[in-house]
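What's counted below: heavy atoms across the whole structure, side chains too, no hydrogens, waters or symmetry copies.
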Amino acid sequence: MYETHTDVGPGDALIVVDVQNDFLPGGALGVPDGDAVVAVLNRWIADFEAAGLPIFFTRDWHPANHCSFEARGGPWPPHCIASTPGAAFADDLEMPASAEVISKATTEDEEAYSGFQGTGLADRLSALGVKRVFVGGLATDYCVRATVLDARQSGLEAWVVEPAVRAVNVHLDDGERAMKEMKDAGARITDALEPSVSA
């Protein structure tokens with residue numbers, strides 16, 4: 001299922017999905033072992049930054065009465081409310097000054113799992129000449145899945161960095177099913193802990 005292809009260069013971008021405090025263990029909607037993605041992502045971030053390749057960080061940035069919250073009939077407890085500590089990126093996540101932050105699900109009545117939904121990310125990637133994206137973060141079965149599927153819909157080659165994702169697994173095999181769905185949509189999956197950067 002996994003490939004070890006890791007060569008990256010011009011035309012590639014890294015998308016770091018929702019590595020926010022509320023999604024880490026102990027957070028309002030903690031992903032089991034979610035903090036384990038940070039060290040791997042930091043290696044990918046450092047290599048992309050050193051090569052001058054684009055890096056995007058997506059984040060949930062919800063109003064306090066967002067439609068996904070249980071109080072409004074949604075499936076989730078309140079989480080990643082804009083400008084709160086829970087919505088902040090993980091303390092240990094290294095964010096270069098050159099990276100761009102993509103906020104999603106920022107209005108009360110619209111949910112957005114994908115970093116592409118209502119954010120202009122596809123246009124931004126196109127403007128930068130990006131043809132391929134590498135995606136890691138939280139959670140495999142929700143925002144990573146949706147972001148990768150939308151990347152494919154946008155005509156991008158998409159790779160999932162398997163060591164840098166973790167699943168919620170509301171049902172035991174949700175993460176595994178999400179990986180299969182992404183692969184069936186044409187995404188490729190690497191088990192590399194860091195990329196190899198080409199000129």
| query | Would you call Ile45 and Asp47 a side-chain contact if the rule is heavy atoms closer than 4.5 Å? | reply | no
| Which pairs count as ring-ring contact (aromatic ring centres under 6.0 Å, His included) when at least one residue sits in residues 12-34, sequence neighbours excluded? | Phe23-His79
| task | Evaluate the criterion side chain to side chain contact (heavy atoms under 4.5 Å, CB included) for residue pair Val133 and Asp12; output intermediate values, then yes/no. | result | CA-CA 6 Å; Val133 294; Asp12 292 332; over 6 Å; no
| said: Can you give me the closest heavy-atom contact between Pro63 and Thr107, atom names plus distance? | reply: CG-C, 3.7 Å
| query | Within the side chain of Trp44, is there an N or O that forms a donor-acceptor pair under 3.5 Å with the backbone of Leu193? | reply | yes
| field | Lys131 bridged to Glu157 by N-O distance under 4.0 Å | value | no
| request: Take Arg59 and Ile102 through the side chain to side chain contact (heavy atoms under 4.5 Å, CB included) test and state the conclusion after the steps. | output: CA-CA 6 Å; Arg59 64 181 181 185; Ile102 303 294; over 6 Å; no
| field | ring pair (Phe, Tyr, Trp, His ring centres under 6.0 Å) partners for Phe48, two or more places apart | value | none
| Does any N or O in the side chain of His66 come within less than 3.5 Å of the main-chain N or O of Glu110, such that one atom is a donor and the other an acceptor? | yes
| field | Distance-minimising heavy-atom pair for Asp22 and Cys80 | value | OD2-N, 2.7 Å
| With distance as the sole test, does Glu49 use its side chain to make a donor-acceptor pair with the main-chain N or O of Pro96 at under 3.5 Å? | no
| query | Please, which pairs that meet side-chain hydrogen bond (donor to acceptor under 3.5 Å, both in side chains) have at least one residue in residues 85-94, sequence neighbours excluded? | reply | none
| request: Look only at the side chain of Asn21 and the backbone of Ala87, and say whether a donor-acceptor pair between them is shorter than 3.5 Å. | output: no
| Partner set under ring pair (Phe, Tyr, Trp, His ring centres under 6.0 Å) for Tyr142, not counting sequence neighbours | Trp76, Tyr113
| request: Can you sort out the partners of Arg72 under salt bridge (Lys or Arg N to Asp or Glu O under 4.0 Å), two or more places apart, ordered by chain and number? | output: Asp109
| Pick from Val144, Leu14, Val160: which one makes a side-chain contact (heavy atoms from CB on, under 4.5 Å) with Val135? | Val144
| Sub-3.5 Å donor-acceptor pair from the side chain of Ser154 to the main-chain atoms of Leu156, do we have one? | no
| field | Donor-acceptor side-chain pairing of Glu162 and Thr190 below 3.5 angstrom | value | no
| What's the verdict on side chain to side chain contact (heavy atoms under 4.5 Å, CB included) for Val37 and Leu138, showing C-alpha distance, side-chain angles and the deciding distance? | CA-CA 8 Å; Val37 306; Leu138 303 171; 4.0 Å; yes
| query | Checking Thr147 side chain against Gly115 main chain: does a donor-acceptor pair fall under 3.5 Å? | reply | yes
| field | Short N-O contact, Lys180 and Asp184, less than 4.0 angstrom | value | yes
| field | Heavy-atom closest contact (Ala192 atom, Val161 atom, distance) | value | O-CG1, 3.8 Å
| query | Just wondering, more than 12 heavy atoms not from Gln153 lying within 6.0 Å of its CD? | reply | no
| said: Would the distance check show the side chain of Asp174 and the main-chain N or O of His171 forming a donor-acceptor pair, the cut-off being under 3.5 Å? | reply: yes
| Connected hydrophobic set around Ile81, excluding itself, where side chains approach under 4.5 Å | Phe69
| task | With the side chain counted from C-beta on, respond yes when Glu176 and Met179 share a heavy-atom pair under 4.5 Å apart, and no when they do not. | result | no
| task | Mark yes or no for whether Glu111, through its side chain, and Ala105, through its backbone, hold a donor-acceptor pair below 3.5 Å. | result | no
| said: Donor-acceptor check, side chain of Asn169 to backbone of Gly175, threshold 3.5 angstrom: yes or no? | reply: yes
| query | So, does Ser103 use its side chain to make a donor-acceptor pair with the main chain of Trp61 at under 3.5 Å? | reply | no
| task | Mind listing the closest non-hydrogen atom pair of Val168 and Asp141 along with its distance? | result | N-OD1, 2.9 Å
| task | Run the salt-bridge test on Lys104 and Asp18 with the 4.0 Å N-O cut-off and return the result as yes or no. | result | yes
| Between atom CG of Leu53 and atom CZ of Arg132, what is the distance when rounded to the nearest 0.5 Å? | 10.0 Å
| Hey, does Val17 have a side-chain heavy atom less than 4.5 Å from the side chain of Phe57? | no
